[in-house]
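Notes follow the structure.
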Amino acid sequence: MTRAVAMACWKASRGGQCPTACVATSWAVPFTPSRRCSFLRPPVMEMRWVSRTNRLIHPSVTKPVSHVPLITLSMAGVSSAATSPPPSPPPAFDPELQPPSERARYFAEVEAARTLLDKAKRDSNGQDDHPLILDAFNRLAAVYHRAGDRGNELKTLEELEPLAIRLFGDLHANSLMVRARRLTAARDSDPQAAVAGLTALQEKFATVFGAEHECTLSLVHAIAGTHHFMSQYEEERKLLEALLPRIRRALGESHMGTCQTVLCLSRALGYLDQPEASRQLLVEHLTAVKPSLGPSHPHVLQVGCGLALVHAVLEEFEAESALRESLAPYMAAGVGKDSVNYVLSEGHRAVAAWHAMLARLRTSGQPQQPPPLSTDGCASPSSPSPAAAIVALTDADRSDCDKRVQVMDWVGPSLDKEPGAMHSDTVNLMLRYAEAMTHTQGYESQGEALFQAVMGRVGSGAGGADGPHAALV
């Protein structure tokens, strides 16, 4: 696999909607005993940055606490130019385009949250800033947040913010948190305003929470994430490099916030074509946390998957395959063999082993042919490197390839169902798989068929349960 293709896959995976790329934070803020409720409850997400302490630094933050929801920091980006113009607004969220399980969950949770809001309005005796109403608005915003429905999340938070200010005051921790959430939700429609608004909140957060408090650090993280959304990767890198030592000092190396900052900085370095620096960062972090957390901890698995992607970018396929093999039993036990994370990792493990075999055979003097040509006589898009010739196989290697095809015959249809055939993770894995087959004698036609099916589906925007892998059946 060429470095250019691997880098493109890695960038899309780190910036797309990969389950392991979800970055979030949660905080604790004060409530008076008479008004304590589940206002600002954290949304349900696979990966959370969860505070391990209720230590509150600033004197004004001394009352009983309740959790507040997260500013999501995982953003999409596709351009590698740090000076790229702001991206076009993404398409509006459509629940009908989500996987069946997510679609059913979305409608059920929205209905439950709206029912709770209607009940709160009835029980509040006409007081529109009653804590029950604020709690219900927050729950509804959390549902939209978890589903990625930024439009409805923003509308809900725009209704919630003036109520929070009226109840708690403009500089109260709860009001500041709602404002930060609103600005983050608004980044799709106006990222420049989101960056300006979040940056302006830094001094207020430092005053209310403390300069080294998790909330303040998380706000900086959100600003960096918005720069990433605008393809301003150099600005993102500078913020995260300055933030990382502060987070390590305040939260510790093994805290989820540190882990997510490392992963986001790794992603930024990747967009800036610095995969060696990204690898060093991930290896150092993994070496530091693995002895204390253990090999099965979600932090270790998440960073391990990120490091495997960097190995792919650097064409270190043996290292990638070995790392994914070491992660496999812990992922199976932790998230289950039916989870998207496990299926993706197993697919990449099979493809990495295939590419490692091709690299070994090329260096051993195995017979090779020129790269295949597309219908217009040019090198096939799935074979961008002139050195990526078709490699002849030994009988043993062909047997190994057949076993990997069996793995991909399970992986492909599984990913077509969830996260979906058009998801960036599915597309990237299938392109890696197609490239491996296209460069292997006896599998060229299958690889070209898969490549054309993937690109045709991406170009047409077609969805459906029958993904490009069906072209091989």
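In this chain, numbering begins with 1 at the start of the sequence shown. Because only heavy atoms are used, hydrogens play no part in the values below, and waters and symmetry mates are left out as well, while side chains stay in.
Legend: residues meeting side-chain hydrogen bond (donor to acceptor under 3.5 Å, both in side chains) with E241, ordered by chain and number and at least two apart, are R237. Evaluation of the salt bridge (Lys or Arg N to Asp or Glu O under 4.0 Å) rule for R248 yields E253 as partners, not counting sequence neighbours. Every residue two or more places apart in sequence or in another chain was checked for a side-chain hydrogen bond (donor to acceptor under 3.5 Å, both in side chains) with R398, and none qualifies. For R249, the salt bridge (Lys or Arg N to Asp or Glu O under 4.0 Å) partners two or more places apart in sequence, or in a different chain, are E212. With sequence neighbours left out, E316 forms a side-chain hydrogen bond (donor to acceptor under 3.5 Å, both in side chains) with R279, H311. Residues forming a ring pair (Phe, Tyr, Trp, His ring centres under 6.0 Å) with Y330 (at least two apart in sequence, or on another chain): none. Judged as a ring pair (Phe, Tyr, Trp, His ring centres under 6.0 Å), and not counting sequence neighbours, the contacts of Y443 are W354. By the side-chain contact (heavy atoms from CB on, under 4.5 Å) test, D94 pairs with E96, L97, sequence neighbours left out. Applying the side-chain hydrogen bond (donor to acceptor under 3.5 Å, both in side chains) test to S345 and every residue at least two apart in sequence or in another chain returns R324. Partners of E418 by salt bridge (Lys or Arg N to Asp or Glu O under 4.0 Å), not counting sequence neighbours: none found. Scored by the side-chain contact (heavy atoms from CB on, under 4.5 Å) test, A113 finds L140, V143 as partners (sequence neighbours excluded).
Donor-acceptor pairing under 3.5 Å is recorded for the side chains of E448 and Q452. The closest side-chain donor-acceptor pair between N152 and D149 falls under 3.5 angstrom. For the residue pair D402 / S399, no side-chain donor-acceptor distance below 3.5 Å is found, with atom types taken as modelled.
Between C264 and H228 the shortest side-chain heavy-atom distance does not fall below 4.5 Å. Taking 4.5 Å as the limit, some side-chain heavy atom of R404 sits within range of a side-chain heavy atom of M357.
Within the 3.5 Å criterion, the main-chain N or O of E234 finds no donor-acceptor partner in the side chain of E236. With T226 contributing its side chain and A222 its backbone, the two residues share a donor-acceptor pair below 3.5 Å. Put simply, the side chain of H439 gets close to the backbone of E435: a donor and an acceptor are under 3.5 Å apart.
Listed by first then second residue, pairs satisfying salt bridge (Lys or Arg N to Asp or Glu O under 4.0 Å) with a partner in residues 339-354 read E346-R349, not counting sequence neighbours.
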Residue pair E109, R146: steps toward the salt bridge (charged side-chain N to carboxylate O under 4.0 Å, His left out) verdict: CA-CA 10 Å; E109 290 185 349; R146 189 205 65 80; 3.4 Å; yes
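Pairing each heavy atom of N341 with each of M331, the nearest pair is O-CE, 3.4 Å.
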